[in-house]
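Heads up: the structure comes next, in C-alpha cells.
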Amino acid sequence: MQSVDQFNPKDFIIVKGAKVNNLKSVDVAIPRNSFVVVTGVSGSGKSSLAFDTLFAEGQRMYVESLSSYARQFLGRMEKPEVEYIRGICPAIAVEQKVSTKNPRSTVGTTTEIYDYLKLLFARIGKTISPISGQEVAKSSVTDIVNYIYSFDEGSRFIVSCPLGLQEGRAIDVVLKLLLQQGFTRVILKGEIVYIEELLNQIEKGEKVVLDDLEMLIDRNAVKKGDEENQFRIADSVQTALFEGRGECKIEFVKRGEKSIIKTFSDKFEADGMLFEEPSVNLFSFNNPYGACKRCEGFGKVLGIDEDLVIPDKSLSIVDDAIIPWRTETMKKWLKPLLDTAHETNFPIFRSYSELSVDEKDILWNGKGKFKGINAFFNHLESKKHKIQYRVMLSRYRGRTTCPDCHGSRLRKDASYVKVDGKSIVDVVLMPIAESEVFFNNIQLSEHDHTIADRLLAEIKNRLKYMNKVGLGYLTLNRLTSTLSGGEYQRIKLATSLGSALVGSMYILDEPSIGLHPRDTQNLISVLLELKKLGNTVIVVEHEEEVMKAADQIIDIGPDAGTYGGELRFQGTIQEAIDNPDISHTTRYLSGKATIPTPEKRREWKEFIQIKGARENNLKNVDVKFPLGTVTCITGVSGSGKSTLVKKCLTPALLRALGQHTDEKPKIDQIDGNISSINRVEFVDQNPIGKSSRSNPVTYVKAYDAIRELFSKQELSTQRGYKPAFFSFNVDGGRCEACQGEGTTKIEMQFMADIYLPCESCNSDRFKKEILDVKYKEKSISDILHMSVDEAVAFFSDQKKIIQRLQPLLDVGLGYVQLGQSSNTLSGGEAQRVKLASFLAKGTLKESEKVLFIFDEPTTGLHFHDIDKLMKSINALINKGHSAIIIEHNVEVIKTADWVIDIGPEGGKNGGTIVFEGKPDDLIKSKDGYTAQYLQSAMQNA
C-alpha cells in the first residue's frame, strides 16, 4: 500500500499513526469531497478513527481560532494520540444522542424552520376576524388621502370625527373648548351647525346628546395637481384621527345624490374586537408575549383527562360510558341529555368512539338543558372545600392537551393571522410532508412575494431535506425530547443541509438507524447532495446499501477491542466483494458468510391481544402478540410501530399486571394469556444507570464480587479496607476531587461542556493508598480499564465474576471497558448491556416468565454482531421467555418466528396492520414494503 506521506493534503485528509483508544498506529488517507463509509465490527475502532481522531482534531483547531477565553482551556484539551493529521477541514459531528430534554424544544425550533415561519407570518400574515371572516386592517393618513384622491377631480368632501369619545364632560364645556381651538362648526345628526348657535340652543334648554355630534374638521375638494391642497387634506385627516381618538369619517357630497360615507380607524380592530398586530414575538411560545397564557407555552395542562372520564370508548352514553355519572347521585347530570335526545337528535345508543366532533362537543360543553361534562367538573371545582369532591376531581385529572391553544403553545389570537388561508398553528400541526406541499403551492400577491421569497426559499429547502431523510411523518410541533436517536440525527443532518455549508467535514454516526430499507435510498441521496456541495462526508455505518453508494469503504478490524484497531481494507465496494477473506465485513458483503435463517419457526398457542388501539396514527387496530416466540414489529418510519408497542401494549400490560404507569393507553381492552407473564422488561437505548459513574461492570453486578475479592487481599486486611473502599459511588477510597468520575467537567458557556482527565487521580478514580492493593499485580483502577475480553481471561479462576461477565461477551461487548462511563456508551451498546444483565445466571428466577421488548437492538451492530445478538435473544426464548422486537433490519426479521407489519406508509397513511404471520408467508403475500426487502434478504441467505 502507498505510504500516506506521499499524498497531497490539498486533495486528502491524511492521518498518520493514529493510536487513539484501540487503534494500532493506523495510517489512512481520505480523499477530500468524497463520500466515505467507515465500517467494521462493533468496537473495532471505527468511532475512534472518525470521532475521537478526525472530529476531535477538527474541533480542537476550531477552538484554537476562538477567543482567549476559549483558548485558556486549549492546553487542557488533549490532542488526539497521532503522529500528525494534515488537510483537516472544519468538522461537524452529527451523532445519535438526543442532546436536549428541554420541554420547549420542538422539531420546528431545532431545524430553525420555526424561526423562518415566525418571520413569514409577522411580515406577510393577514389577520382575519373570527367573527366576520374579514381581513383586519388599520388605516394610515396616507391610506385615507389615497382614498380621497381615488375620486374624480373637483369631488367635494367633508372630514369629520366623532365627539362621543369625550365622555364625562358637559356638552357645553366640550363645545366651548372647540371654539377656543379654532373650530366653528359641528355636525348634528347629519346637519352642519355653527357651534355658537348650538350653545344658544342649549342655553335655552334644548337637549343635545354628545353621541349625536361630530366634529367638522374640514370641507374641501379633490385637486390632484395642487400639492399645497394635498398637504392640507393630510393635515386635516391627521387632526381627525387625533381628535376622534383614532377614528376619521370621510363623506363625499354630491347635489341630488346620496352621500358616500366611509369611516377609517388607525386602530387594528374589526367587528368590535381589538387585535394584536402581527410581530415575531406574537408567534413565539418561548416568549411570555406570544405564549399561551393557560399552559405558558408548554402545550399541556393539568386538566380533566378524557381517557379517565371515558376509558372504554366502545360504550355508548346509555351503557354508562361516562364513569363519574355511573352512581345514582350523579346520574342527574346525564338525565337531561337522555330526556331531550329525541329533540336534539343526539345518538345516545352510538358508541363514544363513533360520535362526530360536534356530538362530542355537545357531550362536553352541553346544549340546552343539558349542561355537559365540563360544567359538571366546574361544579365539583366550586365544591372542592369538601374532601369527597377533591378526591373525585383528582381521580379524573391528568396531563392533557391545553384546551386554549390545542397543543400549539401559542396565544389564541396568533391563529387569527393567516398566510394563504393557513395559520402558523395549522402549519406546525400538519405532517412535514403536507407542509412541503402547502409551501410549494402557496398563492401570494406580487407584493407579498417580494417580501417573503427569501424566507420561503429557506422554509422549502429545510422541509425538502426533512422529507428526504424520511421524516415527513413528523410535525413541526413534535417535542425534540420524544424523538429517537436516529430521528434526531437525521433532523440535525437535514438542518446542516439546509444551512448549505461548504468545505466542511461531516462525520455521521449511523444515519440509517431507525430507517426502513425503503427510505435508505432517500438518505443516500441526501448524503450525496452534501458531498456535491463540496464537503467530505464520513459515515460510520453497517448498512449495505449505504456502503454500495460510497466512493470508498474503510474497514477497521479484524475484531473488537484489543483484537481490532487495524486498517483491514480501503477501497470500493466491488474491491471488497472481490476480496472476501480480508475481514468479517468483506465476508458478509461477498455472501461468503450469512446470518442463518432458522430451519423451523416456533409455533405458539398463548398470546396477548390488544383491541381497538387508537394512539397517535393507529386506526383502531386489533393485534395478537404471540408468547414464547421472537416477534418482529416492522413497517416504514412513522407507520406506528413504536406507538403500538410503547404507548399501547407496554402500559396496558403493566397495568394488567398491577404495576403503576403514567402512560394511559388509548385502547378498548387487553386480553389473552396475561397470567402467563410475570413481568415486562423494556430493553431500550436509554443510558444504563442514572449517573455517569454507572458502567457495564456495575450494571451486570460483577463489580460487587470484584470489590469483595480486593477487600480479601492481604494489604486490605492489614489496613482494614472493606469492599466499600473499592467503590467509586461512596466516600472512603474514591478520589474526592472528581468523586470517582475520573474526569472533571469544564463548562464552556456557549459551547458543549468539555470533560478533562482529573488532575488529582489522573483518571484512576481512587486514592493512591487504595491503588496499592493489587490482585495478580493489578490495582482496582487497572481492572476498570480492562476490556471485558481481558477481564474474562484475567478472572478465569473466579467463577462468580465470570458468570456475570460472560453475558457481556455473548452479546458482542467484549471490547467495552469494565469501567467505561455510561454516558460514553452508544444507545445500542447500552441496550446490549441491559440484555447481558438478564442473561447472567441468577438474574431471572426459573419459574419467572418475562416478556422482553427490544427497541431496534441492531443499532450500531455489524452483521457479525447481529448473529451474536440473535443467539442471545433466542437463548432467552429457549428458557420460556418471550421477545417483541421493533426492527427494520431484514437480517433480524428473517430470523423471527412471527412478523407484525404496520403501514402501509408513515404518518396519517399508516397505522393499519398490513400483515401478521411468519416471515415466509409475508414474502408470499407481497403486502407492504417490508415483504420485498425481506425477499431479497432471504434469497441471499
Side-chain angles (χ1 to χ4, degrees), residues 92-121 280-301 399-402 405-411 414 424-432 435 458-459 461-463 465-467 469-499 508-509 511 513-514 616 637-638 642-643 646-647 662 684-687 747-753 823 827 907:
I92 298 153
V94 188
E95 296 185 84
Q96 284 170 33
K97 288 174 184 163
V98 181
S99 57
T100 178
K101 295 287 180 193
N102 184 346
R104 292 182 184 274
S105 176
T106 66
V107 169
T109 57
T110 305
T111 55
E112 298 164 8
I113 294 171
Y114 196 72
D115 297 324
Y116 290 109
L117 283 177
K118 287 191 294 185
L119 281 167
L120 181 78
F121 277 84
V280 172
N281 284 342
L282 179 67
F283 305 107
S284 174
F285 50 77
N286 287 326
N287 185 306
Y289 183 74
C292 167
K293 299 291 178 281
R294 184 155 180 179
C295 64
E296 297 180 341
F298 287 100
K300 295 268 186 187
V301 290
R399 287 196 68 74
T400 59
T401 302
C402 173
C405 68
H406 303 292
S408 69
R409 305 145 176 265
L410 291 170
R411 51 191 282 180
I424 197 165
V425 174
D426 297 330
V427 173
V428 299
L429 293 179
M430 65 170 75
I432 285 167
S435 302
E458 291 290 346
I459 292 168
N461 199 24
R462 281 166 164 75
L463 288 172
Y465 288 124
M466 288 288 284
N467 245 333
V469 296
L471 296 174
Y473 58 89
L474 294 178
T475 63
L476 293 173
N477 206 41
R478 172 85 173 261
L479 279 177
T480 312
S481 57
T482 65
L483 299 171
S484 69
E487 284 172 334
Y488 184 73
Q489 187 185 25
R490 293 201 298 286
I491 277 178
K492 298 300 281 182
L493 175 61
T495 307
S496 300
L497 270 162
S499 55
L508 292 99
D509 188 10
I513 284 179
N616 292 345
S637 305
S642 296
T643 300
K646 292 183 186 178
K647 294 201 168 182
D662 290 334
D684 59 13
Q685 296 180 14
N686 290 338
E747 293 184 3
M748 293 292 282
Q749 291 188 8
F750 301 112
M751 290 171 60
D753 297 336
N823 58 17

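What you are looking at is a predicted structure, and each value in this text was computed from that prediction instead of being measured.
The OG atom of S284 sits 4.0 Å away from atom NZ of K118, with the distance rounded to the nearest 0.5 Å. With rounding to the nearest 0.5 Å, the separation of CG in L479 from NZ in K300 is 8.5 Å. To the nearest 0.5 Å, the span separating CG on L508 from CG on L493 amounts to 5.5 Å. Distance NE2/H406 to CG/L429: 10.0 Å, rounded to 0.5 Å. Here the CG-CZ distance, from L410 to F121, works out to 10.5 Å after rounding to the nearest 0.5 Å. Residue R462 holds its CZ atom at 12.5 Å from CD1 of I432, rounded to the nearest 0.5 Å.
Applying the salt bridge (Lys or Arg N to Asp or Glu O under 4.0 Å) test to K646 and every residue at least two apart in sequence or in another chain returns D855. Residues passing the salt bridge (Lys or Arg N to Asp or Glu O under 4.0 Å) test with E296: none are found, sequence neighbours excluded.
Using a distance-only test at 3.5 Å, with no hydrogens or angles considered, a donor-acceptor pair links the side chain of T480 to the main chain of S105. The main-chain N or O of M466 is never found under 3.5 Å from a side-chain atom of R490 such that the two would form a donor-acceptor pair. Looking only at distances, no side-chain donor or acceptor of N477 sits under 3.5 Å from a matching main-chain atom of T106. With hydrogens and angles ignored, the 3.5 Å screen pairs a side-chain donor or acceptor of K293 with a backbone N or O of P288. A side-chain donor-acceptor contact under 3.5 Å links S435 to the backbone of P431. Between the side chain of Y114 and the backbone N or O of F283 there is at least one donor-acceptor pair closer than 3.5 Å.
Remark: R411 is positioned above the aromatic ring of Y289, its terminal NZ or CZ atom under 6.0 angstrom from the ring centre and at most 45 degrees off the axis. No cation-pi contact links R409 to F298, judged by a cut-off of 6.0 Å to the six-membered ring centre and 45° from its axis.
Closest of all the heavy-atom pairs between K492 and T110 is CD-CG2, 4.4 Å. For G472 against N467, the heavy-atom pair with the smallest separation is CA-OD1, 3.1 Å. Nearest heavy atoms, N616 versus T643: ND2-OG1, 3.3 Å. Nearest heavy-atom pair across T475 and V107 is O-CB, 3.6 Å. Closest of all the heavy-atom pairs between R104 and N286 is CD-OD1, 3.1 Å. Nearest approach of Y116 to I459, heavy atoms of both residues: CB-CG1, 3.5 Å.
Under the 4.5 Å side-chain criterion, counting only non-hydrogen atoms from C-beta, F285 is not in contact with V428. L474 is listed as a side-chain neighbour of I491, based on a closest heavy-atom distance under 4.5 Å.
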> Would T495 and I113 satisfy side chain to side chain contact (heavy atoms under 4.5 Å, CB included), going step by step from the backbone distance to the final call?
Replying inline: CA-CA 9 Å; T495 307; I113 294 171; over 6 Å; no

